[in-house]
Structures are given as C-alpha cells and as structure tokens.
Amino acid sequence: MAKPAHGLFSLTAAAALAVATMGAAPPVTAQSSTDGPVTDLGEPVQKTQVLSSATGESPDGVPLGYYVVSGNPTTNAEFTVMNLRTEELVLQTRVPHGHSSQRTMGKSPVDGTIYFATSDEPHLYSYTPGDTDVNYIGPGPEGQRVWSMDVGHDGTVWFGTYPGGRLYSLDPDTGEMTDHGQAAEGEQYIKSIEPAGDTVYVGTQANAKLLEYDRSGGQFTEITMPEGHSASNINALNLRKNLLFVGTDETYVRDVQTGEWVDSMPRGGSRVSPIAPNDPDAVYLRVAGEVTRYDLSTGEKTGTGWAPNATAESWGWIDRDGTGPWLALTYWRQGRTYTKNFATGEGTYQVPDLLGAGAPIISLGTGPQGNIYTGAYLSPPGMGRYNPDKDGFELLRGTSQVEGYGTFGDELVFGRYPQGALYHYDPSQPWDKGTNPEARLPIGDEQSRPQAFVDISDTVPGTVAVASVPDGGRHGGAITLWQPDEGTLEVFRHVVENQTPVSLVQKDGILYGGTSIEGGYGIDPVTENGRLFGWDPTTGETLWELAPVPGEPTVSGLALDGDGDLWGIAGSSTVFEFDLETRETIRTIEIDADAGADRYGDDHRLLFDNGRLFGSTANRLFVLDQVTGEVTTLHGGDVEQPADRVHELARDRNGDLYFVGAATRLMRYDLPDDTTAPEVSADVRAGDSGARAAVVKLSADDAADGEPTIHVRVDGGEWSEYDRPVVLRQGQTLEYRAIDDAWNSTPVRTYTFTD
C-alpha cells in the first residue's frame, strides 16, 4: 500500500445496504398540485445520464453491464446491473447518499469488484459481482468532490478530486484512505488516473497537465505534453504494455520506457480498450467516429467498419455466447451499450431499463409567443416547452444543456453548453433540429456558456448581443454580436478585464451589463468585485465600469424601470437601484443577508410587470415595493437543503410568473388579474393666513381592493402606514401614495405647507 503522504484517515466499515431489485419507474407527468397561487407543474425534462459505467462478468461468467445513473437534489443516484446476454436487470437501486456522478467508476483487475463514487457529495461504494446488494464504504474527503477513479493491479483504489485537484488512495481491505496531495499547483481537477505499479499517472483540468506520481517517494513530476497541445483537460489515460494513451483534444501516445511521444491521432477518442484477449498486440479506440484497431508493436491503424454513434465511457471484452471475445463499449446517454464480435461480424445494441430522474432546470425563457422554455443540466433528451393554455410539457429534442434564452423578432434564440453554440428557432413552424433551428453556430474564442441575449436590432440591424462564460480554466467572458439570419458573429472578450458578463439590458443604444468575478470552472478569481458597465455595440468600446455594491462578487438580474433607472442584484442578497445619468447607486435593499453568493448569479432575476417589481434570488420569489423598499416573499424563503432552492423567473403571455422549485420542477405563480392602481386624494385643512399648521386627510379608492393601503412620510423621513390625518408645520412636505393588495401603486404625490 502507498504510505501516508499528507494525511491519513479511516473509513470504518459501513453497514451493507440491503437492496431489492426494482422495476422501471413510471413516467413523470405534469402535476396540478396547487398551494394558493402557486402551482407545481411537474418536471419538464427526464433524463438517464450515465457518466460512470463499465462491463464485467459474474462469478459464473455471465457478462454484466454496470451503470451509475445521476439523480437530482431530491432523488439519489441509481446503481443498476444488467445481464448483457438476456438484458434482464440483476440489480437496481437508489444509493443512500449522493445524487450525481462524474467519471468515477473503477473495476478491480484482482477480483472484478466495482468501485464508484458520487460527486455532488463525496460518497464511496463498492459492488461485488454476484452479490445482491451494494456496499456503502463511507463518505469521501470533506470539502472535495470525487471526479475520477481507477483501480490498480494490487487492488488499491485511486481517485482524484475537485476543487482541490488532489490524489487519494483507498485500501479496500482496511478502509484507510491516504491523501497524496495536490497534483499540480493551481489545478483544481484531477480528471483522469492510470495506476501502473509504483507509478500513478494523473491528468488534470483546467490546464491539461500530465503528471506521474511516485508511490515510494510521494512526489508528483510533470510530463511535458507534445508541442502544439492546447486543450484544457486530459480526459482519460490508458497504459497498454509500454504505451500510454493520453486522451485530450486528440489522442497522444507516449512510450513510457523511452519517455518519447511516438504517435498522435487527431479526432481520436479519449479512451482505449483493454488488449484483445485473442490478439496481444491489438487495442481499439474510435478515430473519426470509426472503431479502429491500433497495433501496439507497429502503431498501424486499421478501421473495422464499425461506427457506433457513441463515444466510449468504457471499453471491455466479454463472452456473450461462447463464439469468442466481444468488444463492448458503454455510452453516457441512457447507458447505451454496444458489442461487436469481429470474428463473426455480429453486433448488439442494448439500452438498460434505467429509472432515470428529472433533470435539474438551469434556465427559463419566454418565447415570442409567450410560451415558457426550460433548459436542463446535461440533458440530451432536449429542452421543455410549456404552453400556458394547454396541459403538460412538450419535449424539443436534441438541444442538450441550454444556458440562456432570448428573443429576436418572432424567433427564439438560445445558447448551449459546452460548445458555446448559438441557435435561432421559429416557433410558428415545426421543431426540426438542423433545419428549425438550424445547425449550431459556435461562438469560439474559448467561450462555452451563452447565458444572456438582447436583441439590439434598433442599434445594430439584425443583431443579438450575447453574454457568455469562458471555457474551464480561462478568464475573459465575452459579448458576442451575432447576426442570426446571416450566420455571422464578432466576439469581444474582456469587456471587463478578467471578468464574465452575465446579464445585459439595452437603453438608448448602449448595452449595460453586470459581471461575475468568476471565469470558467477550474480557475480562481483574480478580481474582487462584480462590476456594472456601459458598452457601445457600435464601437466595441467599454465606456465605463464600477462596482455598484462593493464587496459583492456578482452583478446580475438587470432590469429597467419606467423612469429609466436600472435595477439589479448584487451577490445573492442585495437589490440595488442605479441612476444611469449620474452613475450612482441610489439605494440598496437587503433580501437576505445570510444568502451565499452563486458563482455567476445568472439565475437571479428581476422583472417589471405593469409597474410592479418581482424578483427571484436568495431562495425566494418576491415582490419589492419600489416606494417603501418593503420586500414580500411570495414563495420560498430560508432553506437548509439545495432541493428547496427557488431560482429563475419568467412570465408567460397571460402575465403569470414561472420559477424553478426543488431543482427540477417548473412552478407557476398566478398573479392577480388586477393591474390598475388605486386613486388617492388629499383633503387639506389649514387655518387663516399665517397659520402654523395644516391637517392633511388622505383617502384611497380601488375597484378591486376595498381598503388599499396608504403610505406617508414627512420631509424625506421613513415611510409609515397612514392611520390618521397628518399635521404639517409651515415648510414641511408630505409625500403619499396608495397601493392595493395586487401591489399596484399610485405615483408618489407631494404636498408642501406654505403660507
């Protein structure tokens, strides 16, 4: 075993988890559960995401597929085992802790035991083929997420973490876990691992460093990548005989005996099969989509003619029917499993009957027809569309993870991660991906998350401004000026140096934006305050920038009121009003001082509706009284669990509000039909000329609210609720207004008592 390097702690034996085989879950449909004005509409997108998978066999030689299926904050991850001969499920269960997994599965070459981990909360598990349960090993390292895993030929389990970029080993017999330290300074992810005797090879993100760890000396040594390599991560490492296959932007091959790079394969798949059991010089990988034989002795590459529509999450050799070895690969979408017998030419395609789970919603948008669109996390099934005049959701297939929405005339525009791709769609015509919407247009220039869209055609004809987050490990988000009809664009990075624009609005030909101090994942901030800025789209020039609320890392949720003032959200807790003429923050309003700031703040929203200001931040849907600054929580509030979080905000064509609840569910808040403000009047009674006081009696009428509330203040003091006539001395000024129970407010009126 590896000796302790930086710290040692023990995972004591955990109780085995009793597991019963379960059938497939019924489909989830929109629900009609109603809590007053709030309706839970259900989960728009269901997915079966299998980032961790492998193939193996039972003690009696039956080939098996192993699948860890992501859940969501209210549904734990799933572990399923399928018989690859019969497609029957051997085991299917929800694990007791954790709901998502990265590439965190390893198969022991000693006894075939499967090890895996959850990543949102680090928990470690094992499964011994033939058992009827999953073994819960215990929690992973505190403050870290398990991001990669493999098992050495001595049975040692190795795993890497985020955000510490640390390498750990686990002794499966004693439960002892050893922290071997950070692989490379500044690298937050260990993305790939390959144990090789006394050496463990490690690949990182976000600067794609390749390192070898010396188990005896406890040292990491960086291996220089080939000239021209520019990727941000090393996805996979596979040692086959003396050749180390390094999967990154292409596949590179290194002879570990000579230390020389001996080959490279553009468009090569990241992962390489084990050596063929009947062909000791052969391994297989995808090259340009085709499964290709690679000769370990000569480097010769031979296409097989087999081109499954899947990148391999794992490769393995199985015995399906006694006709010789079958090459098997698993794929992350739906756990699709492909096998091929090169001797007979036979092949199979299998999809395990997985439970799946609702996909977390990460973006909401209102289309030009007033329908609500929902983008979901890593969701290859597509995005959801909700028609407020019909029941249920429509799934628009093939969009994957949509980061943000906007409108361009009568079209919907949206952006997709991780390609940083832009799409425009005419909702009056049938959805036909590739035609309507047309093929994606990548932003390029190291941009991966298009989040905010503003049609600026009145300033730059035929153009949409797009704010985007850069790739992992990079600073320098961008504003892109995109011409959807022409298929052209121009990218402007670092509009605020080393920050990311996350929110945009336009006024009088100028774009106003808010930023996050964060760049892509895997890099630390180098600035301290989220900024508000003005940007000229005709010149590409940043006109000014400042911190509207110093100390807050994000500025988002920008919206303009009827008077032309700009409102926004700083961090997750503070709403601010900003004067664009003087470039000064007029006031700040605290929503929840204890709410922690999000990375980008892009799901914090403000929305004006008939003069009323609604917002979504700090885990609540609220309405903000623009006169008194009073905040009324409409739904949500203080929460302890991520599953209770409220975020995002949109409005449909009927004027009702939509937000996300419990991570995966689309919620509707039915606004009152009344959008008319009360009428307020003042009856002033003053004495004869020279009197020292005047008495002001106020009254208000409203067609829908029999008792609208009147607020008053004198000489700019605190607002208070009117309950008796107001006595003014000479020179004093009274301000007053009325508001009804639908939050419709009169303008503030004034009366000054003078001779």
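Being a predicted model, the structure only gives us computed values, none of them experimental.
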Inset, instruction - May I have the step-by-step check of salt bridge (Lys or Arg N to Asp or Glu O under 4.0 Å) for Asp263 and Lys301, ending in yes or no? - result: CA-CA 11 Å; Asp263 206 349; Lys301 306 164 192 69; 3.0 Å; yes

Inset, instruction - Test Glu187 against Lys209 for salt bridge (Lys or Arg N to Asp or Glu O under 4.0 Å), laying out the working first. - result: CA-CA 8 Å; Glu187 292 296 88; Lys209 294 183 181 295; 5.8 Å; no

Inset, instruction - Carefully, step by step, assess Leu355 and Val69 under the rule side chain to side chain contact (heavy atoms under 4.5 Å, CB included). - result: CA-CA 8 Å; Leu355 300 175; Val69 189; over 6 Å; no

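His229 and Thr248 form a side-chain donor-acceptor contact under 3.5 Å, judged by distance and modelled atom types alone. Side-chain contact check for Thr113 and Ser126: no donor-acceptor pair (N or O, by modelled atom type) lies under 3.5 Å. With hydrogens and angles left out, the side-chain atoms of Thr348 and Thr339 include a donor and acceptor closer than 3.5 Å. No hydrogens or angles considered: nothing links the side chains of Asn235 and Gln205 as a donor-acceptor pair under 3.5 Å. Defined by atom type and a distance below 3.5 Å, a donor-acceptor pair is present between the side-chain atoms of Thr323 and Asn341. Side-chain polar atoms of Thr118 and His99 form no donor-acceptor pair below 3.5 angstrom. Between the side chains of Gln401 and Glu403, at least one donor-acceptor pair of N or O atoms lies under 3.5 Å. Using modelled atom types, one finds a donor on one side chain and an acceptor on the other under 3.5 Å when comparing Tyr67 with Thr337. A donor-acceptor pair shorter than 3.5 Å can be found between the side chains of Ser100 and Asp120. Glu78 and Gln92 share a side-chain donor-acceptor pair at under 3.5 Å.
The two residues Ala421 and Arg440 have their closest heavy-atom pair at CB-CB, 3.6 Å. The minimum heavy-atom distance linking Gly519 with Thr500 is given by the pair CA-OG1, 3.8 Å. Considering all non-hydrogen atoms of both residues, Ser448 and Pro470 come closest at OG-O, 3.3 Å. Pairing each heavy atom of Ser314 with each of Ser53, the nearest pair is CB-O, 3.4 Å. The shortest heavy-atom contact between Pro352 and Gly335 is CD-O, 3.2 Å.
With a 6.0 Å radius and a threshold of 12 heavy atoms from other residues, nucleotides or ligands, Asn309 has its CG atom at or below the threshold.
In this structure, the separation between CZ on Arg271 and CD on Glu313 is 5.0 Å, given to the nearest 0.5 Å. From Thr480, atom OG1 reaches atom CZ of Arg493 across 10.0 Å, with rounding to the nearest 0.5 Å. The CG atom of Leu354 sits 8.0 Å away from the CE atom of Met82 when rounded to the nearest 0.5 Å.
Screening Phe245, Tyr284, Trp315 against Tyr294 for a ring pair (Phe, Tyr, Trp, His ring centres under 6.0 Å) leaves a single residue, Phe245. Partner Tyr125 forms a ring pair (Phe, Tyr, Trp, His ring centres under 6.0 Å) with one of Phe79, Tyr115, Tyr136 and no other, that one being Tyr136. With respect to His180, the ring pair (Phe, Tyr, Trp, His ring centres under 6.0 Å) criterion is satisfied by exactly one of Phe159, Tyr168, Tyr213: Tyr213.
Looking only at side-chain heavy atoms (C-beta outward), Pro195 and Ile193 come within less than 4.5 Å of each other. Looking at Trp306 and Leu329, their side chains come closer than 4.5 Å, going by heavy atoms from C-beta outward.
With hydrogens and angles disregarded, no donor-acceptor distance shorter than 3.5 Å links the side chain of Thr104 to the backbone of Trp147.
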